[in-house]
Amino acid sequence: MKSLSSLACGIIFGLGLAVSGMINPAKVLAFLDLFGDWDPSLLLVMGGAMAVTALSYRFILRRPMPLLDGAFHIPEKTGIDRRLVIGAGLFGLGWGLVGLCPGPAVASLAYGESGTVIFIIALLAGLAVGRRL
Amino acid sequence: MEGFTPISSLLGGLLIGLAAALFMGFLGRICGVSGILSGLMAPVKGDWDWRLTFIIGLVLGALAARGLNIAPEEITLSPSLPLLIIGGLLVGLGTAVGSGCTSGHGVCGMSRFSLRSLVATLIFMGVAVATVTVVRHF
């Protein structure tokens, strides 16, 4: 059941990434090009997503546990540490260079571009290294 | 404001939010793609199948959108091999060290009012904007 629900979530997420246009690196870069020909679309994507998520979380997180697990798996760290800051910085740099972040990168495999595959392989390599640091 | 697509962007965002909400409701987890992928790098028994199906779902969802003609006709990706590799490495490394990405910190983390996620999001957004600004305008 977990796998099926997760599959459904992935499908809905992928649909959202495609419909919003975030699956297109050029559109993301146009949002990040704040001082150029700015496309504010990502603001609405994030705003829309956060509105639904924040409202839903309020009710969901009040329950003792999720539907298919014995407990919620919420990150426990609360402090701002060097890892967070440096990691976010490195991620921002990579994202700004190509216009792809993990979700859209995987979803955009639907377009069959070899560049996407290359990016994802490099991403997985980066993850493998970062996990051990 | 070139190419501003308010309706489809908002609709897409609502779908992403729905996915994140269902993910928390059913699996009790943050819908952060870097985290989901990271767990697949060192699969733990009983913990990898839902990760794999989520990833597969991402591609299926995008394929479905294409099939229904509600996705972009095509995507424009950098043709530079070195850039794709360096960018990929940085995104992988950064999300692992920083414990999250746009979905994990940006959508989910901020939606539960996590200070860590707010700080992370402000940083990666700021650095990304600075990067594009420098690359395109200097």
Side-chain angles (χ1 to χ4, degrees), chain A residues 2-3 5-7 9-16 18-20 24 26 32-34 37 39 41 44-45 48-50 52-54 56 60 66-69 72-73 87-98 101-103 106-107 109-111 115 118-119 122-123 126-128 130-131, chain B residues 2-3 5 9-10 12-17 19-26 28-29 33-34 38 41 49-50 53-54 57-63 65 71-72 75-77 84-85 87-98 101-103 107 111 119-120 123-124 127-129 131-132:
Chain A
K2 251 203 238 178
S3 296
S5 312
S6 192
L7 177 68
C9 291
I11 290 174
I12 297 170
F13 202 112
L15 268 169
V19 168
S20 65
N24 183 9
L32 296 171
D33 194 8
L34 195 59
D37 240 335
D39 176 356
S41 298
L44 283 176
V45 183
M50 282 175 60
V52 173
T53 306
S56 307
I60 294 171
L67 287 170
L68 302 175
D69 202 319
F72 286 104
H73 302 262
L90 291 173
F91 167 46
L93 181 58
W95 190 34
L97 285 175
V98 178
C101 58
V106 172
L109 285 171
Y111 286 82
I118 307 239
F119 179 86
L123 196 164
L127 270 179
R131 282 175 54 102
Chain B
E2 274 286 317
T5 53
S9 290
L10 187 61
L14 295 178
L15 282 169
I16 292 171
L22 291 172
F23 205 69
M24 184 60 81
F26 281 101
R29 290 174 182 272
V33 184
S34 66
S38 183
M41 303 304 297
D49 42 2
W50 60 266
T53 57
F54 183 87
L58 280 179
V59 186
L60 288 181
L63 280 171
I75 59 172
T76 307
L77 185 59
L84 289 170
I85 294 173
L89 281 171
L90 285 169
V91 169
L93 192 62
T95 53
V97 172
C101 57
T102 41
S103 51
V107 176
S111 289
V119 170
I123 291 175
F124 66 64
V127 172
V129 168
T131 302
V132 173

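Protein chains get the first letters and strands the later ones, always in sequence-line order, with residue 1 at the start of each. No hydrogens, no waters, no symmetry mates; every other heavy atom, side chains included, goes into these values.
- Heavy atoms only, all atoms of each residue included: B:Met41 and A:Arg131 are closest at CB-CD, 3.9 Å.
- A side chain to side chain contact (heavy atoms under 4.5 Å, CB included) with B:Leu14 is found for one member of A:Val45, A:Val19, A:Val52 and no other, namely A:Val52.
- Side-chain contact check for A:Lys2 versus B:Asp49: every heavy-atom pair is 4.5 Å or farther apart.
- Side chain of A:Tyr111 to backbone of B:Pro72: a donor-acceptor contact under 3.5 angstrom is found.
- For the set A:Gly130, A:Pro102, A:Ala128, the count of heavy-atom pairs under 4.5 angstrom toward chain B peaks at A:Pro102.
- The greatest number of non-hydrogen atom pairs below 4.5 Å with chain B, out of A:Leu34, A:Asp69, A:Val106, is found for A:Val106.
- Comparing A:Gly94, A:Ala49, A:Gly96 by how many heavy-atom pairs each has under 4.5 Å with chain B, the most go to A:Ala49.
- Of all the listed residues (B:Leu60, B:Leu10, B:Leu77), the one sharing the greatest number of non-hydrogen pairs under 4.5 Å with chain A is B:Leu77.
- Here B:Phe23 and B:Phe54 bring their ring centres to under 6.0 angstrom of each other.
- Contact record, B:Leu93 with A:Leu90: CD2-CD1, 4.1 Å, taken as the closest heavy-atom pair.
- In terms of non-hydrogen atom pairs under 4.5 Å with chain A, the most contact-rich of B:Gly12, B:Gly98, B:Gly88, B:Ser34 is B:Gly88.
- Residue B:Gly87 comes nearest to A:Val98 through the heavy atom pair CA-CG2, 4.0 Å, listed as atom of the first residue, atom of the second, then distance.
- Interface summary for chain B: among A:Ala110, A:Ala107, A:Ala54, the most heavy-atom pairs under 4.5 angstrom belong to A:Ala110.
- Here A:Ser41 is the residue among A:Gly89, A:Cys101, A:Ser41 with the most heavy-atom pairs under 4.5 Å with chain B.
- Interface check for chain A: of the options B:Val97, B:Val132, B:Val107, the most heavy-atom pairs under 4.5 Å are formed by B:Val97.
- A donor-acceptor contact shorter than 3.5 Å links the side chain of B:Thr53 to the backbone of A:Ser3.
- Per-residue heavy-atom pair counts under 4.5 Å with chain A were compared for B:Ser111, B:Ser38, B:Ala20, and the maximum is reached by B:Ser111.
- The contact between A:Leu127 and chain B is made by backbone and side chain atoms together, counting heavy-atom distances below 4.5 Å.
- Of the residues considered (A:Ser56, A:Gly16, A:Ser5), A:Gly16 shows the highest number of contacts with chain B, using heavy-atom pairs under 4.5 Å.
- Per-residue counts of heavy-atom pairs under 4.5 Å with chain A were compared for B:Ile85, B:Leu15, B:Leu63; the largest is that of B:Leu15.
- The backbone N or O of A:Leu97 lies less than 3.5 Å from no partner atom in the side chain of B:Thr131, so there is not a single donor-acceptor pair.
- For the set B:Val91, B:Val129, B:Ile123, the entry with the most heavy-atom pairs within less than 4.5 Å of chain A is B:Val91.
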